[in-house]
Amino acid sequence: MTTAPKPELEFDYSKYGFRDEENYTFKSSKGLSEDIVREISRMKNEPEWMLKRRLKALDIFNKKPMPLQGMWANSELAELNFNDIYYYVRPGEKSEKSWDDVPENIRNTFEKLGIPEAERKFLAGVGAQYESESVYHSLRAEWEKLGVIFLDMDSALREYPDVVKEYFGTIIPAADNKFAALNTAVWSGGSFVYVPKGVKVDIPLQAYFRINAENMGQFERTLIVVEEGAEVHYIEGCTAPVYTTNSLHSAVVEIAVKKDGKCRYTTIQNWANNIFNLVTKRAVAYENAQMEWVDGNIGSRLTMKYPSVYLMGRGAKGEVLSVAYAGEGQHQDAGAKMVHAAPDTTSRITNKSVSAHGGRTTYRGLAKVLPGATNAKINVVCDALILDDKSASDTIPFIEIEEDKATLAHEATVGKIGEDQLFYLMSRGLNEAEALSMIVLGFMEPFTRELPMEYAVELNRLIQMEMEGSVG
Amino acid sequence: MQANLAFQTLPTLNELTPEVLEQGRMGEQRRAALATARQLELPVWRRTDLKDFSIQNLRPVFGSVTVETTADAAAQGVYVADFQTAANEKADLLAQYLGTAVANDHNTFVAYNAALAQDGLVVYVPRNVELAEPIRVTYTLPAGGQAIFPRTLIVTEANSRVTVVEEFRSADLQSYGAVVPVAELFANDGSEIRFISLQTLGQNAYQLGAQRAIVGRDARVWWLAGAVGANVQHIDMEVALQGNGAGLEWYGFTFGTGSQQLLWAPTVKHIGLSTEGQIDFRSAVADTAYVVFDGMIDIEKGAQGTNSDLRDAALHLSDKARSDSIPGLEIDANEVKAGHGSTSGQIDEEQLFYLMARGLSREVATQMIVLGFFSAIVERIPLDDVQERVLEMIQAKM
């Protein structure tokens with residue numbers, strides 16, 4: 001192969017990689033203890049039941065072994081040192097409804113990330129979290145009038161304690177896994193979304209999560225309740241500057257979609273390459289409800305994330321559409337879980353992954369049909385591209401069928417980019433790098449076309465940037 | 001055939017003293033393996049239920065094997081013998097190969113096999129010898145409360161070819177018993193082993209074992225694994241395509257009825273350059289049976305030019321049956337083509353309706369569809385009598 005000049009990219013990595021001065025109102029000492037959990041709860045002035053939940057979860061976390069072996073485990077987790085992490089960092093006093101009230105340095109951060117601009121242009125509401133706390137949450141008045149609630153989770157616990165108590169930890173109990181327990185013990189921030197019966201929020205809500213400090217742990221907790229016949233699209237984005245030591249992001253996202261409701265949850269995760277991103281996301285979908293996870297994983301050192309849908313009501317639909325790009329030093333261990341517990345439920349999982357420069361992608365998934373879920377239909381398609389001989393890809397699907405009147409099809413392919421495809425594009429005048437990135441973007445197109453345009457453009461740029469140096 | 005077998009029964013594995021095992025070099029190995037077996041914990045198998053089973057309570061039995069070979073084999077210099085005879089006559093061959101594909105400490109069951117293997121088959125095919133007729137071996141578990149430890153070793157030298165058909169059988173047992181087979185296959189450069197392993201054990205039998213093949217340069221393994229019997233089966237299988245250009249065709253079928261729990265765990269490891277693997281396993285499940293296909297394509301670093309494909313399908317015949325499929329891919333090389341496909345479904349009502357409209361009863365129509373489901377595997381069997389045997393095995397389940 002001839003070496004081709006690198007493509008010109010109009011992209012500046014400092015857009016995400018910059019760091020702010022640390023200027024916090026509270027920063028816990030490193031490590032995790034009962035005192036820190038009590039301190040978090042005290043500073044948030046929480047009800048007693050939440051403190052009890054936190055302490056119980058801490059106990060579960062301490063007792064549960066690190067998942068280093070077995071079905072849903074990854075030996076790279078051994079690199080994570082729980083004692084070297086700040087569990088709670090409070091950047092300001094409260095979550096504001098106007099950007100003007102957000103401390104200037106933090107406001108500048110989100111300006112640089114383009115959030116207020118996006119909000120003005122095409123979003124129904126925006127939440128912004130910086131370290132442990134939400135700094136901004138705002139919803140357009142027209143949606144507020146219809147009874148839609150979009151708050152940071154801490155405010156929701158104060159303002160709607162009954163709703164929070166009804167759902168909190170019922171979809172993902174603290175004992176679900178070690179990281180769900182950790183999140184339940186030290187959670188802070190995250191979004192609370194409530195869409196009342198019949199209300200269709202037709203433009204997206206967005207939350208943006210930013211880690212700035214080194215050795216930071218971010219543990220946001222999100223709860224979305226979509227009532228009967230209601231609809232919502234929630235988008236989250238994540239970035240952080242690069243440090244030499246590891247940080248941890250361990251979120252829990254619980255979603256309930258009631259009869260005929262519809263929820264789409266879109267994530268573009270571009271964490272810096274030293275962040276462990278260990279996230280539990282699960283939705284329950286009731287009769288004829290529809291839940292879609294659109295999940296893009298570009299950043300992080302190690303991501304372990306398997307968005308799930310429990311199809312609990314007749315006719316419910318679940319979908320996970322995901323892409324992963326693993327570059328140097330990265331492992332994207334992502335996938336999906338679909339559990340069919342009711343008749344006539346359907347689900348679809350589409351996973352596309354690319355590994356390059358020594359990166360590793362893993363698709364790990366579960367497709368389960370419980371007895372009585374007659375006429376369940378599951379379709380799973382996983383495709384992986386491996387761009388060079390240093391990179392790797394795994395596919396680990398678990399299929400468990402306990403019902404005869406169910407249909408499942410699972411297909412996976414792994415391969416390299418076809419020489420003939422490259423040759424064709426290069427014969428049309430593209431250099432090799434351009435041809436390669438065009439093929440990879442084409443490969444991911446089923447994902448990108450589901451994103452709002454601004455995000456699709458951004459994702460394509462991110463991928464192109466990650467691919468720099470893939471040739472020669 | 002069974003009448004010719006003179007079974008010899010040992011004390012239970014709990015009571016067995018190492019002194020019972022033979023003297024000499026083999027005896028030392030056996031005593032070491034017994035110690036290993038007793039040290040190892042039971043393997044943690046999420047999808048195989050051993051809670052009502054204890055191997056220690058079973059009595060090992062010798063004399064369970066019948067080997068059928070041909071005059072042709074002897075004339076061409078092919079060595080065929082039961083394991084104990086080979087241990088005396090072919091000590092060097094055993095020293096070179098035994099325990100190198102399946103390590104004695106693979107798990108406690110394999111270690112017991114290494115300690116107690118006496119019944120078994122050893123086949124050695126010299127260079128350039130192609131044996132047309134298959135070598136057949138049958139293992140019979142005589143009764144409940146007993147265990148047999150079949151050991152198979154097949155070595156084909158360069159450019160040779162052999163077919164081995166083995167079957168594990170028993171009557172329905174009054175109490176539980178076990179067959180603990182270990183097979184090691186070595187297809188050296190340019191040779192081919194065709195290996196057919198069938199399991200038709202009766203009720204209350206447990207089949208717990210490990211089978212592995214190591215395939216050299218331009219060598220091939222053609223393997224059929226079929227299981228319709230036993231209460232519980234757990235077989236780890238692996239084919240290592242070590243030499244450049246090595247190839248594998250691997251077929252399997254399972255038919256689970258009643259409360260059977262039958263698991264296959266086939267792994268193909270691509271190690272050499274330009275190796276090819278093709279796997280196709282099919283399972284039917286009825287009643288409250290549970291079948292598991294736990295397969296894996298593992299393409300190691302540097303195994304460029306690999307082409308590997310894995311298919312598995314499950315046909316559900318009852319709403320109480322369960323099938324699990326875990327068709328994994330672990331790929332550490334980039335110039336490869338690999339894929340898998342897994343399907344699960346029930347009998348197509350339209351097909352059934354079509355056949356019934358032609359005058360067939362529902363039962364017969366169902367049987368035809370099930371046979372059709374397995375026919376893609378059955379048709380590939382290169383021996384007529386084995387094809388017939390397999391059809392018999394499937395029909396007997398319906």
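Worth saying up front: this structure is predicted, and the values here are computed from it rather than measured. The analysis underlying the following values was restricted to heavy atoms, covering all of them including side chains, and did not include hydrogens, waters or symmetry mates.
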Could you check which of [options] has the highest count of heavy-atom pairs closer than 4.5 Å to chain A?
options	result
B:Ser344, B:Gly328, B:Gly339	B:Ser344
B:Met296, B:Glu349, B:Arg46, B:Gln304	B:Arg46
B:Ile331, B:Val292, B:Val336, B:Ile326	B:Ile331
B:Ser318, B:Gly345, B:Ser325, B:Ala321	B:Ser325

Determine the interplanar angle of the A:His410 and A:Tyr363 rings, folded into 0 to 90°, and report it as parallel if under 30°, tilted if 30 to 60°, perpendicular if over 60°.
tilted
Quick one: do B:Phe53 and B:Trp45 satisfy ring-ring contact (aromatic ring centres under 6.0 Å, His included)? Show the steps, please.
CA-CA 13 Å; B:Phe53 176 81; B:Trp45 287 335; 9.6 Å; no
Are B:Leu352 and B:Ile369 packed together at the side-chain level, in the sense that at least one heavy-atom pair is separated by less than 4.5 angstrom?
yes
Go through it in stages, so that I can follow the logic: the residues are B:Trp264 and B:Phe253, the test is ring-ring contact (aromatic ring centres under 6.0 Å, His included), and I'd like the CA-CA distance, side-chain angles, deciding distance and then a yes or no.
CA-CA 10 Å; B:Trp264 297 117; B:Phe253 67 92; 8.2 Å; no
Quick check with a 6.0 Å cut-off and a 45 degree axis cone: is A:Lys305 positioned over the face of A:Trp293's six-membered ring?
no
Given heavy-atom pairs under 4.5 angstrom as the criterion, report whether the side chain, backbone, both or neither of A:Ala406 touches chain B.
backbone
Name the region of A:Arg364, side chain, backbone, both or neither, that has any atom closer than 4.5 Å to a heavy atom of chain B.
neither
Among the listed options [options], the residue most often paired with chain B at heavy-atom distances under 4.5 Å:
options	result
A:Ile401, A:Thr413, A:Thr374	A:Ile401
A:Ala392, A:Ala384, A:Cys382, A:Ala367	A:Ala392
A:Ile386, A:Ile399, A:Thr362, A:Asp389	A:Ile399

Around atom NZ of B:Lys320, are there more than 12 heavy atoms from other residues, nucleotides or ligands closer than 6.0 Å?
no
